[in-house]
Structure formats: C-alpha cells, structure tokens
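Everything numeric in this text was worked out from a predicted model, so none of it was measured.
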Amino acid sequence: MEFGKTMSESWKTMAPGQKFVASYSGGKDSTLALYHALKMGQAAGLIAMLEEHGQRSRSHAMPLEIIHAQAQALGLPILLASASWQSYEAEFLKMLSEARQLGAEVLINGDLDMPEHGCWHEKVAAQAGLQLCMPLWQRPHLEVIQEFIQLGFQTMLVTVNLKLGMTAADLGRIMTLDYVDELLRRGIDPCGEGGEFHTTVLDGPLFKKPIPVRQGEILYHGDYTFLTLELEHH
C-alpha cells in the first residue's frame, strides 16, 4: 500500500500500466469494473468460475457459449475452472497462478460492499502474489448503476430471488434508468447487492459486437428463478 493512502483508496486503484486479470461473471458490476480497470492498466485476461459440471457459470448460471461470446466480444482471453463450493478456493487460486504466468500483477474484482477486514478476494490475491483492485468498492449503488447505463452498456436480468421482492416478470428485463426508478420504488437495491438479482451484459462500449441471445425457459430452484439464454447463431 502506498504511504498515506487508506485501505479503501488503495483498493480502488492500481499503478498506471499495470497488467491485471479480471474476475468476470459476465454481469454488470464485473463489466463496469473491467471498464475502469482498462483506463488504469492493461488486461492480461479474464477468469470465470463454472459449476462443477463445467456447463454454466457458477454465479449467473450462464451457458459456456455465452461466456465465450462475451470474452470474444471483449477481445480478451478467458481462463475457466469448474468447481464445487468445496473446491472453489483451490480452483480459483490455480487460475490466479496461471494469470500470473500471463504477466498479471493485479486481480480486478467488481464487488461494491466487501468488508475492509477479512475480504476473501484480498486473501486469495495475496496468496497468489497479486495486488487487489476493486474500482467500484464503497461507491454509492445508485451512482454505479446510473453510470453503467449512461455509458451505454446493455444488460439483462437473468436470475431473481423471489423472497427479496423480485418476480419472474423481472427476468429478461433490460436495465434502463426507468427500470432503476421502478426498482427503487419497490424498495429493491438497484445494484442487486443483497442478492435480489443477477444480470448478463450483452453489449456496451467495451464490446466489439453485441451478443445475440434467444430467451429460453424459466427454471425455478428454491427461492431463485433463472431465465435460460441461448446464443443465437445467425
């Protein structure tokens, strides 16, 4: 940490031109964090965790072909690892050491509300010999989502928690400023930081081309409802 900087300031930035690897779920926060990281340094690539069968992303249940399409549209290589919750940390650390071999010095993460002490990403980054940078950390949630939309990113809701004020009718909605206002009226965090929803980014200023998707069936699992998406092949 640089002398005279608080922990929070040092976590939000990195040295100009440093090489980084970005933890990438395909959702709005990790995409906006990547956007800010690219203004500060150079991307060595992305990393993403898959569920144990390796068919879908761990966090947002996105199929592999959409994850690959996002990385391709971003023009960045992506490292993937399949893991159960038990093996998650070990697999994540393996990917971080691979990223170091690609020249990464910093791990980028899109979290907003990580605790200053006992932060999991800080622990694993340190174990892998990387610095941690979280460009969105401690920023006001409304400011973050408004910036994301105003920059021209397009993201779709793909997972909702029915216990937290969301409904299946929210699936497939595109994040707009009007929809943010609607979520606020409903008493829902517009960034979904309480686990209310997850999104998948389909287009924006970092994307060479939009990701064409077809909406499939809606799946129910406990309190959660998922919208299945498929890559549309033209």
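Panel note: side chain T199, backbone K28; a donor-acceptor pair is recorded below 3.5 Å. Judged by distance alone, with hydrogens and angles left aside, the side-chain atoms of T225 form no donor-acceptor pair with the main-chain N or O of A168 at under 3.5 Å. A donor-acceptor pair under 3.5 Å links the side-chain atoms of R186 to the main chain of G165, judged by distance alone. Within the 3.5 Å criterion, the main-chain N or O of K19 finds no donor-acceptor partner in the side chain of Q42. Remark: the backbone N or O of P140 is not paired with any side-chain donor or acceptor of E143 at under 3.5 angstrom. Proximity of a side-chain donor or acceptor of R58 to a complementary backbone N or O of A83 within less than 3.5 Å is detected. In this structure a side-chain-to-backbone donor-acceptor pair under 3.5 Å is missing from K123 to G118. Between the W137 side chain and the M114 main chain, a donor and an acceptor come within less than 3.5 Å of each other.
Here ring-ring contact (aromatic ring centres under 6.0 Å, His included) pairs that include residues 160-214, with residues two or more places apart or in two chains, are H60-H198.
One distance of note links CD1 of I174 with CG of L157; it measures 8.5 Å at 0.5 Å rounding. Here the straight-line distance linking atom CG of L79 with atom CD of Q101 works out to 10.0 Å at 0.5 Å rounding. Rounding to the nearest 0.5 angstrom, the gap separating the CG atom in L112 from the CD1 atom in I145 is 9.5 Å. Rounding to the nearest 0.5 angstrom, the gap separating the CG atom in L227 from the CG atom in L171 is 5.5 Å. One distance of note links CD1 of I66 with CG of L202; it measures 7.5 Å at 0.5 Å rounding. The distance from the CD1 atom of I108 to the OG atom of S23 is 10.5 Å, given to the nearest 0.5 Å.
Taking each heavy atom of T167 and V160 in turn, the nearest pair found is O-CG2, 3.7 Å. Between A48 and Y24 the shortest heavy-atom distance is CB-O, 3.3 Å. Smallest separation of non-hydrogen atoms from L76 and A43: CD2-CB, 3.6 Å. Taking every heavy atom of both residues into account, I211 and A73 meet most closely at CD1-CB, 3.8 Å.
You'll find the side chain of L231 reaches within 4.5 Å of the side chain of H233, heavy atoms only. With a 4.5 Å cut-off on side-chain heavy atoms, F153 and Y35 count as touching. P135 is not listed as a side-chain neighbour of W11, based on a closest heavy-atom distance of 4.5 Å or more. At a threshold of 4.5 Å between non-hydrogen side-chain atoms, the residues D111 and D29 do not count as touching. Side-chain contact between Q215 and L229 is present, with at least one heavy-atom pair separated by less than 4.5 Å. In this structure the side chain of T13 reaches within 4.5 angstrom of the side chain of M40, judged on heavy atoms. Side-chain contact between Q154 and M175 is absent, with no heavy-atom pair separated by less than 4.5 Å. In this structure, F226 and I218 have side chains that are not in contact, with every pair of non-hydrogen atoms separated by 4.5 Å or more.
Applying the salt bridge (charged side-chain N to carboxylate O under 4.0 Å, His left out) rule to E193 yields no partners; only residues at least two apart in sequence or on another chain are considered. Under the rule for a salt bridge (charged side-chain N to carboxylate O under 4.0 Å, His left out), the partners of E230 that lie at least two apart in sequence or sit in another chain are R214. Taking the salt bridge (charged side-chain N to carboxylate O under 4.0 Å, His left out) definition, one finds that D113 meets it with nothing, sequence neighbours left out. Residues that satisfy the salt bridge (charged side-chain N to carboxylate O under 4.0 Å, His left out) test with E51, not counting sequence neighbours, are absent from this structure. S30 pairs by the side chain to side chain donor-acceptor pair (under 3.5 Å) definition with S25, not counting sequence neighbours.
Between R185 and E182 there is no salt bridge, since no side-chain nitrogen of the basic residue lies less than 4.0 Å from a carboxylate oxygen of the acidic one. Between R173 and D178 there is no salt bridge, since none of the side-chain N atoms of the basic residue sits less than 4.0 Å from a carboxylate O of the acidic one. No salt bridge links E105 with R100; every basic N to acidic carboxylate O contact stays at or beyond 4.0 Å.
In summary, the side chains of E52 and W85 do not present any donor paired with an acceptor at a separation below 3.5 Å, with no hydrogens or angles considered. A donor-acceptor contact under 3.5 angstrom links the side chains of H36 and E147, judged on distance only.
Residues L96 and L132 fall within the same hydrophobic cluster, defined by Ile, Leu, Val, Met, Phe, Trp and Tyr side chains chained together at heavy-atom separations under 4.5 Å. Cluster annotation: M95 and V124 are assigned to the same hydrophobic cluster (Ile/Leu/Val/Met/Phe/Trp/Tyr, side-chain heavy-atom contacts under 4.5 Å, transitive). One hydrophobic cluster holds both L177 and I188 under the rule that ILVMFWY side chains link at heavy-atom gaps under 4.5 Å. When the side chains of ILVMFWY residues are joined at heavy-atom separations under 4.5 Å, either directly or via intervening members, L32 and M62 end up in a single hydrophobic cluster. Linking Ile, Leu, Val, Met, Phe, Trp and Tyr whenever their side-chain heavy atoms come within less than 4.5 Å leaves L130 and F20 in two separate clusters.
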